[in-house]
Amino acid sequence: MDFALSEEQKMLQGMARDFLQKECPKSLVREVQKDPSGHPRELWRKMAELGWQGLVVPERYGGTGGSFLDLMVLIEEMGGACLPGPFFCTTVLGALTLTGAGTEEQKRELLPLIARGEAIITMALVEVSDRWDAEGIQCNAQVKGDTYVINGTKLFVPYAHIADQLIVAARTSVSDVPESGITLFLVNRKTEGITITVLNSINADKQCEVQFHDVEISSDRMVGQSGGGWPVIQRTLERATVAKCVEMVGGAQQVLDMTIQYAKERMQFGRPIGSFQAIQHRCADMAIDVDGSRFIAYLAAWKLSEEMPCPREVSIAKSWVSEAYRRVTKAGHQVHGGIGFTLDHDMHLYFRNAKAFASAFGNANWHLNKIVNDDTSTDVI
Amino acid sequence: MDFQFTEEQERFRKEIQQFLDGELAAGNFKPQCDAWIEIYDPEFTKRLAQRGWIGLTLPREYGGQGLGPLDRLVLTEELLRYGAPCGAHWFTDRQVGPCLLAYGTEEQKSEYLPKICKAEVSFALGLSEPEAGSDLASVKTQAQLDGDHYIVNGQKVWTSAAHHQSHLYLLARTDPDAPKHKGISEFIVDLKSPGVTVRPILDPTGGEHFNEVFLDNVRVPATNLVGIENNGWKQITSQLDYERSGMERLMGNYPLFDALRKYVHRNTDRGKALSIDPVARYKIAELEASFEVGRMLIYRVAWMLDRGILPNYESAMAKLYATEFQQRLTDTVIAMLGSYGDLTSESKYAPLGGMAVSAYLFSPGLTLMAGTSEILRTVIAQRGLGLPSK
């Protein structure tokens, strides 16, 4: 049993914290929020110089071959900094999926570009049903000679509007079992028949509607086996879900730190408001939410990193952390009082992220439902 | 990071499970909620002692097993999972042993630790007083040195199992003129000493666990002073960090949790399995998730102790979170069972073996003992987050 990060991970954490403090100030976050691309290009380039996009890319494809847990250390810090942009989708949805399921040619083509910060990848998965399971995938891809023709609409696709490649989930055969007949394709954003619309949403992340109208894709752009897409998606989804939890942990920690700082400084009735028990007890509850989130998220992250099966832990983490981060940001707002309730203050950036991240990859209710479905409690008594 | 137990620890877990399965098969106990504190079964305790499972973390030279806090975590997790009757030794094993090891004289260690491991002595905790609850440092019970004895006068309350145990681990004032945190000491008191009167307090379930203990000119040998005179507050606060954060805070009513999960799969409400009822599903899943979070908060403290890191706010956090979880659990069970949830175990209609009512009635105590939730939130805020006290 070991609750601590390794020495190398602690170094990475410290480096990431310093870097983001300097290079990703809230002024940049606000600028990017207003920018239609939602992409901090200069920061992206600097991150690539540090090798961040290639952290989990294997060495032979130009990355550093770090573990999933190493990536979590970075993503936690990004959550604290409210880093906007396509890092999450490119590494977690893109690099991890391609490393696991891409063909040798696809890996050689894309992984070095990802590692150099020269490719943005995303995944087009969810549709109008907002279902994060196999039944949600209704887009179809029909065989036509040596190609497939994709039709349908994807929603909530992160950064599709600037992505170089989209990993698209579509049905290549009809089956009574929703999990079979799903195939993944690597699709260039600029392929004819694709229409992308950015959906305005609560935070800086750009989520898109992606429409496919008779989009022709060569069969060598298939990722994994024909009809074998679901296990690949599941693997990516589990990792993305937990990575999102870890990103929330970083945000929640930051909100707690800001709130404690403010409670120590803000004077009312001749004393710091942090000396009042009403404030102290609220802060104590925030601290429980932060620590609880951290350990339950890292429990799942560690299991994934060790390739242990853990669907239950993933759902427990997402259901719990989603609610905890929202509670923390609400409490943070409350302790900050009026000063925090302005567009100029940073608090709403976290409040927005907490809401958006809670919905990503299935909200608390979605995952609570999964917990009971997967309940295989075999207690002896 | 690594969130698994070692192979040895998993083997140990199996061994405990086999033993407890055997005990169940032999009809030696019935799984019950709050059995770690409420059910006194010295024979069961003796059988644990024979296996070396009391004083597990004490050094071998004193009769212990020389194992670590994580090994003890495995043991307690299983005892609680089975709802095993541990009231005869829990407090002694959990905190008196470690405390004597940390602060006791060589004579005290040689005398008491082997007996603790053999379950030949057992301790009640003489901490709270009528006027010293959350403000524990206000204890008034006095211990005055008179030659080679201390003369103890005063009253303790909520003294767990004092009517059963052989000794009292006493917190008393040795310097009435010093500031309140600086005049307190700890003692071992033989409960058979003249002048000791133990009067049980019935808790709301009707259970006899807590007591009032009256000390009237009780002569305690000066050699029974634990640690340094007037250093008792420092000693007790580190002891409380052990006391607070054990698995019992989360799993005291685990048999009820387990029964509930089975119940929703087997039982129907108006012809519909409860397990497909959206409200029931939501509540069960929320409890499952919260339980795992509690487990992590408690594991963290055990891991810190294992690494020799002194817990600070972490044990307060674990205790607070876990006991509030247990209250939510009993609330949820009661709500799901409808009118049947009101029936006590005597009724043939009582579901879940009637566990729900007594667990529910006992649950308010969980957030009072060993630091109220309010005190613990203050500990987290001030010690953990560094918020000012004024």
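In this text, all values refer to a predicted model and were calculated from it rather than measured experimentally. In what follows, every chain begins at residue 1, and chains take the letters A, B, ... in the order their sequences are listed.
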Cut-off 4.5 Å, heavy atoms of chain B, and the answer for A:Leu69 is side chain
Is it the backbone or the side chain of A:Phe276 that comes under 4.5 Å from a heavy atom of chain B, or both, or neither? neither
Using the test side-chain hydrogen bond (donor to acceptor under 3.5 Å, both in side chains), find all partners of A:Gln253 that sit at least two apart in sequence or belong to another chain. A:Asp257, A:Arg294
Please determine whether the number of non-hydrogen atoms from other residues, nucleotides or ligands lying under 6.0 Å from atom CE of A:Met11 exceeds 12. no
Turns out that what part of B:Tyr313 lies under 4.5 Å from chain A's heavy atoms comes down to side chain
Whatever's closer than 4.5 Å to a heavy atom in chain A on B:Arg295 counts as neither
Given B:Glu292, B:Gln17, B:Gln9, B:Met304, the one with more heavy-atom pairs under 4.5 angstrom with chain A than any other is B:Glu292
Given B:Thr6, B:Val264, B:Asp2, B:Leu70, the one with more heavy-atom pairs under 4.5 angstrom with chain A than any other is B:Asp2
Students often mix this up, so state it plainly: with edges at 30° and 60°, are the rings of A:His336 and A:His345 parallel, tilted or perpendicular? perpendicular
Could you pull out all residues at least two apart from B:Gln65 that satisfy side-chain contact (heavy atoms from CB on, under 4.5 Å)? B:Leu56, B:Arg60, B:Leu67
Do B:Ser315 and B:Lys319 have a side chain donor and acceptor closer than 3.5 Å? no
For chain A, which residues of residues 376-390 of chain B have at least one non-hydrogen atom nearer than 4.5 Å to it? B:Arg377, B:Thr378, B:Ile380, B:Ala381, B:Gln382, B:Leu385, B:Gly386, B:Leu387, B:Pro388, B:Ser389, B:Lys390
Counting only non-hydrogen atoms closer than 4.5 Å, can you tell me which residues of residues 285-293 of chain A sit against chain B? A:Asp285, A:Ala287, A:Ile288, A:Asp291, A:Gly292
